[in-house]
Amino acid sequence: MDILKIVLQVLLGITSLLLTLLILLHKGKGGGLSDMFGGGMTSNLNSSGVAQKNLNRFTVVLGICWAAVIVALGLILRFSGES
């Protein structure tokens, strides 16, 4: 059980970082952090509708994986008898 817990914790860290980066890459609706930091770098990605749709899909799938890892870690901690 300890190995599974460690793997899930590492996976949670990786998915958290990737999810943060993907959210920051999204096109801003106006005047937010995404315009301030990502305006010049992601202008080519945001000009294409297909790239924006794929970015949305990747973000949703990664968000679902992130939530599943959190639920799995919670269940493991709950039923393993540890605090």
Side-chain angles (χ1 to χ4, degrees):
M1 241 351 154
D2 288 336
I3 294 174
L4 181 61
K5 190 168 66 169
I6 291 171
V7 168
L8 285 175
Q9 288 173 343
V10 169
L11 191 61
L12 180 64
I14 292 170
T15 55
S16 296
L17 289 174
L18 287 175
L19 194 59
T20 302
L21 291 174
L22 285 177
I23 289 172
L24 287 175
L25 282 176
H26 276 85
K27 183 176 182 180
K29 300 279 192 256
L33 282 177
S34 58
D35 286 342
M36 186 168 62
F37 291 119
M41 267 188 347
T42 60
S43 60
N44 292 337
L45 282 177
N46 289 336
S47 63
S48 172
V50 174
Q52 189 67 32
K53 286 180 185 177
N54 286 336
L55 183 61
N56 289 339
R57 288 181 188 135
F58 290 144
T59 306
V60 168
V61 168
L62 194 61
I64 291 170
C65 291
W66 180 78
V69 168
I70 289 178
V71 169
L73 271 173
L75 289 173
I76 287 173
L77 290 175
R78 170 81 176 174
F79 294 115
S80 69
E82 298 176 17
S83 316

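Quick caveat: nothing in here was measured; it's all calculated off a predicted structure.
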Rounding to 0.5 Å, atoms CG (L8) and CD1 (I3) come to a distance of 12.0 Å
Could you state whether V69 and I14 fall into the same hydrophobic cluster, counting links through intermediate Ile, Leu, Val, Met, Phe, Trp or Tyr residues with side-chain heavy atoms under 4.5 angstrom apart?
yes
Hits for side-chain contact (heavy atoms from CB on, under 4.5 Å) against L21, two or more places apart or cross-chain, chain-then-number order -> none
Min side-chain heavy-atom separation N54-R57 under 4.5 Å:
yes
So CD1 of I70 and OG1 of T15: to nearest 0.5 Å the spacing works out to 7.5 Å
Sequence neighbours excluded, the answer for side-chain contact (heavy atoms from CB on, under 4.5 Å) partners of L75 is V71, F79
Distance col, row K5:NZ vs L77:CG, nearest 0.5 angstrom, shows 5.5 Å
Tell me which donor-acceptor pairs under 3.5 Å the side chains of residues 59-67 have, and how far apart each pair is, sequence neighbours excluded?
{"unit_1": "T59", "atom_1": "OG1", "unit_2": "L55", "atom_2": "O", "d": "2.7"}
{"unit_1": "W66", "atom_1": "NE1", "unit_2": "S16", "atom_2": "OG", "d": "3.0"}

Worksheet item: Under 4.5 Å between side-chain heavy atoms, hopping through other hydrophobics if needed: is there a path connecting I23 to L18?
Response: yes
